[in-house]
Enquirer: 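The structure follows.
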Amino acid sequence: MTYWLLKSEPDVWSIDQQIKAGSKGAVWDGVRNYQARNNLKKMKVGERCFFYHSNIGKEIVGIVEVTKEAFPDKTDKNNKFFAVQVRFVEKLEKPVSLESIKKNKKISHLKLITQSRLSVMSIDYKSWKIIYNMGKIK
DNA sequence: GCCAACGTTGGC
DNA sequence: GCCAACGTTGGC
């Protein structure tokens, strides 16, 4: 079981749109980075991902779950990239901001901080739990 | 809106 | 295969 973090600009695709997509979920496409693609391909049905709002908000707002493993991204003409499908699981009671992740030494090693341009990354379980708990405290 | 960091492209 | 030029992402 691997845990993940997915980045999206809420302008383009937000957690609320993800909620509206319902239990079948929605295609997560548009990834045009090889490292992110390689991560996408490793994702398995049932695995959970943090949903991060980049640019606007800069915070982890909720959790989604993989419902379909990597398949060719239809929006990519060259057929080089892949997409997955995810469905909404829950919103964090309190979004966990990039700032608070940076401040917490236990999780400041995350690629979210050290490799800010990567849009799909794995999260070790320890860090997952820390962030999850941060999101539970109102 | 700017720009640093990083990834990709293409000429050689 | 190197690397300069260019494009994109995302924090600020």
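All heavy atoms count here, side chains included; hydrogens, waters and symmetry mates do not. Since the model is a prediction, treat every value here as computed from it, not as a measurement. Reminder, nothing fancy here: chain letters follow the sequence lines and each chain counts from 1.
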Enquirer: What does the B/S/- profile of nucleotides 7-12 of chain C look like, 5' to 3', with a 4.0 Å heavy-atom cutoff to protein?
Expert: BBBBBB

Enquirer: Rounded to whole angstrom units, what separation is found between the CG atom of A:Asn33 and the P atom of B:dA5?
Expert: 18 Å

Enquirer: Any idea which heavy atoms bring A:Asp76 and A:Phe81 closest together, and the distance?
Expert: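 Between these two residues, the closest heavy atoms are OD2-N, 2.8 Å.
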
Enquirer: Given the rule in the ring pair (Phe, Tyr, Trp, His ring centres under 6.0 Å) test, do A:Phe71 and A:Phe82 qualify, once you have shown the distances and angles that lead to the verdict?
Expert: CA-CA 5 Å; A:Phe71 52 91; A:Phe82 287 80; 8.5 Å; no

Enquirer: Measure across A:Ser14 and A:Phe51 and return the closest heavy-atom pair with its distance rounded to 0.1 Å.
Expert: C-CZ, 3.6 Å

Enquirer: I'd like to know if the side chain of A:Arg32 pairs up with that of A:Thr75 as donor and acceptor (distance under 3.5 Å, no hydrogens or angles considered).
Expert: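 The criterion, which ignores hydrogens and geometry beyond distance, is satisfied for A:Thr75 and A:Arg32.
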
Enquirer: Is A:Ile123 linked to A:Ile113 within one hydrophobic cluster, defined over Ile, Leu, Val, Met, Phe, Trp and Tyr using a side-chain heavy-atom separation of less than 4.5 Å?
Expert: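 Yes, one cluster joins them.
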
